[in-house]
Participant: 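Dumping the structure here so I can ask a few things about it.
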Amino acid sequence: MKMNHRPLPIEFYYQPTLELAQSLLGCLLIHETPEGIAAGYIVETEAYMGAGDRAAHSFGNRRTRRTEVMFAEPGRVYTFVMHRHTLVNVVSGAVEVPEAILIRALDPLEGLDLIGERRAGRKRGEWTNGPGKLTEALGITMEDYGKKFTERPLFISSGYSPEDISSGPRIGIENTGEARFRPWRFWVTGNHNVSK
DNA sequence: CTTACGATGTCCT
DNA sequence: GGACATCGTAAGG
């Protein structure tokens with residue numbers, strides 16, 4: 001089970017955001033902490049398309065302390081807090097192009113005991129099947145804001161190539177006009193850890 | 001300083 | 001399917 005993972009190179013992140021959102025499916029998200037290593041395959045993502053996307057925090061190039069990292073080079077870690085949950089994004093798009101990809105669900109692979117502790121009281125199928133759940137499972141917090149996915153301790157490595165990818169409207173953005181209908185959510189077809 | 005509000009999760013019916 | 005917890009961020013006074 002214990003594999004020798006290493007971060008994907010920065011070049012991986014230099015592809016159009018909608019392609020990167022699909023390329024990330026099947027990749028491993030790994031977090032090494034003092035408590036141990038926890039990792040899972042990415043099985044669901046959502047693209048946020050920057051200045052022209054009403055659902056994006058960076059809509060209209062809105063630039064604040066929170067969105068600042070979206071304007072940096074791709075491959076950075078964008079974390080933000082939603083109610084009491086931390087959500088994690090992969091920054092994409094060139095410098096000054098504030099696009100990002102939300103990681104919505106994982107398939108747990110490594111550190112299952114640790115993940116079970118962090119998600120104590122929940123059934124195994126509820127460990128990482130949502131954007132706020134997976135950050136708790138991997139111990140991702142606002143401390144990780146601005147870090148690079150190309151470096152430890154929080155990084156992305158290659159995993160497997162999904163047989164089939166599905167797409168559809170994004171979740172939880174009912175109040176964003178036409179943007180809500182854009183099919184910018186992607187998931188591994190048939191995977192049962194996709195969020196509900 | 002004050003206020004409003006979510007890219008959510010959980011519990012209840 | 002609906003209520004609501006709970007808090008950092010953003011914006012305005």
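Residue numbers begin at 1 in each chain, while the letters A, B, ... track the order of the sequences. For the numbers below, each heavy atom of this structure counts, side chains included, while hydrogens, waters and symmetry mates do not. The structure presented is a predicted model; accordingly, all values stated were derived computationally and were not measured.
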Participant: Can you tell me how far C1' of dT10(B) sits from CZ of Arg122(A), to the nearest Å?
Facilitator: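 In whole Å, dT10(B) C1' lies 8 Å from Arg122(A) CZ.
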
Participant: Can you tell me if Arg63(A) has over 12 outside heavy atoms packed within less than 6.0 Å of its CZ?
Facilitator: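 Yes, CZ of Arg63(A) has more than 12 neighbouring heavy atoms, counting only those of other groups under 6.0 Å.
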
Participant: Just checking, Arg65(A) and Tyr145(A): is the charged tip under 6.0 Å from the six-membered ring centre and within 45° of the axis?
Facilitator: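 So Arg65(A) doesn't make the cation-pi contact.
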
Participant: Which listed nucleotide (dT9(C), dA7(B), dT10(B)) is nearest to the side chain of Met142(A)?
Facilitator: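 Shortest atom-to-atom distance from the side chain points to dT9(C).
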
Participant: Identify whether any heavy atom of Arg119(A) sits under 4.0 Å from a base atom; if not, whether one sits that close to sugar-phosphate; answer base, sugar-phosphate or nothing.
Facilitator: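 It contacts sugar-phosphate atoms only.
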
Participant: From C-beta outward on Thr64(A), which listed nucleotide comes closest to its side chain: dA7(B), dA10(C), dT10(B)?
Facilitator: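 Selected nucleotide: dA10(C).
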
Participant: Report the distance from atom CZ of Arg62(A) to atom C1' of dA11(C), rounded to the nearest whole Å.
Facilitator: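 Going from Arg62(A) (CZ) to dA11(C) (C1'), I get 9 Å.
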
Participant: Which is more 5' along DNA chain C, the nucleotide nearest His85(A) or the one nearest Arg65(A)? Just name the residue.
Facilitator: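 Looking at DNA chain C, the more 5' nearest nucleotide goes with His85(A).
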
Participant: Measuring from the side chain of Arg84(A) (C-beta onward, heavy atoms only), which nucleotide among dA7(B), dA5(C), dG8(C) has the closest atom?
Facilitator: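 The answer is dA5(C), which lies nearest to the side chain.
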
Participant: Lys133(A) side chain: which of dT10(B), dA11(C), dA7(B) is closest?
Facilitator: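 Of dT10(B), dA11(C), dA7(B), dT10(B) is nearest to the side chain of Lys133(A).
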
Participant: Indicate, with yes or no, if the rings of Tyr14(A) and Phe12(A) have centres closer together than 6.0 Å.
Facilitator: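 Ring-ring flag for Tyr14(A)/Phe12(A): false, centres at least 6.0 Å apart.
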
Participant: Output the rounded distance in Å from NE2 (His57(A)) to C1' (dA7(B)).
Facilitator: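 That distance rounds to 5 Å.
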
Participant: Taking 5.5 Å and 30° as the limits, would you call Phe80(A) and the base of dA7(B) a stacked pair?
Facilitator: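 Whether judged by distance or by angle, Phe80(A) falls short somewhere, so it does not stack on the base of dA7(B).
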
Participant: Can you say whether a donor on the side chain of Arg170(A) sits under 3.5 Å from an acceptor on the base of dA7(B), or the other way round?
Facilitator: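 Side chain to base: no pair present.
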
Participant: Please say whether more than 12 non-hydrogen atoms of neighbouring residues, nucleotides or ligands are located less than 6.0 Å from CZ in Arg182(A).
Facilitator: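 No, the 6.0 Å shell around CZ holds no more than 12 heavy atoms from other groups.
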
Participant: From CZ of Arg66(A) over to P of dT9(C), roughly how many Å is that when rounded to an integer?
Facilitator: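 Whole-Å distance recorded here is 8 Å.
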
Participant: In whole angstroms, how far is the C1' atom of dA7(B) from the CE atom of Met70(A)?
Facilitator: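 Atom CE in Met70(A) sits about 10 Å away from atom C1' in dA7(B).
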
Participant: Take the protein atom CZ of Arg54(A) and the nucleotide atom P of dG6(B), then report the distance between them rounded to whole Å.
Facilitator: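 So the CZ-P distance, Arg54(A) to dG6(B), works out to 11 Å.
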
Participant: From dA7(B), dT10(B), dT6(C), pick the nucleotide closest to the side chain of His83(A)?
Facilitator: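 Minimum distance to the His83(A) side chain belongs to dT6(C).
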
Participant: To the side chain of Met82(A), which of dG6(B), dA10(C), dA7(B) is closest?
Facilitator: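 For Met82(A), the side-chain atoms sit closest to dG6(B).
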
Participant: Hey, does the side chain of Arg185(A) come within less than 4.0 Å of dA7(B)'s phosphate (OP1/OP2), counting only N and O?
Facilitator: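 For Arg185(A), the contact criterion (side-chain N or O under 4.0 Å from OP1 or OP2 of dA7(B)) is not met.
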
Participant: Pro131(A) has a side chain; which of dT8(B), dT9(C), dA10(C) sits nearest to it?
Facilitator: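 Of all the options, the side chain of Pro131(A) is nearest to dT8(B).
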
Participant: If you assign Ile173(A) and Glu136(A) each to the DNA chain B nucleotide with the nearest heavy atom, which residue ends up on the more 5' nucleotide?
Facilitator: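 Nearer the 5' end of the strand: Ile173(A).
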
Participant: Provide the Watson-Crick or G-U wobble partner of dT6(C), both distances under 3.5 Å; none if there is no partner.
Facilitator: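 Paired with no nucleotide.
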
Participant: Expressed in angstrom and rounded to an integer, what is the separation of Glu174(A) atom CD from dG1(C) atom P?
Facilitator: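 Glu174(A) atom CD is separated from dG1(C) atom P by 12 Å.
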
Participant: Backbone N or O of Leu106(A) within a donor-acceptor pair of the Thr128(A) side chain at under 3.5 Å?
Facilitator: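 Yes.
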
Participant: Under 4.0 Å, heavy atoms only, any strand: does Leu87(A) hit a base, just the sugar-phosphate, or nothing?
Facilitator: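 Sugar-phosphate contact only.
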
Participant: Let me know the distance between CD of Glu126(A) and P of dC11(B), rounded to the nearest Å.
Facilitator: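 So the CD-P distance, Glu126(A) to dC11(B), works out to 10 Å.
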
Participant: Within a reach of under 6.0 Å around CD of Glu68(A), are more than 12 heavy atoms found that belong to other residues, nucleotides or ligands?
Facilitator: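 Yes, the 6.0 Å shell around CD holds more than 12 heavy atoms from other groups.
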
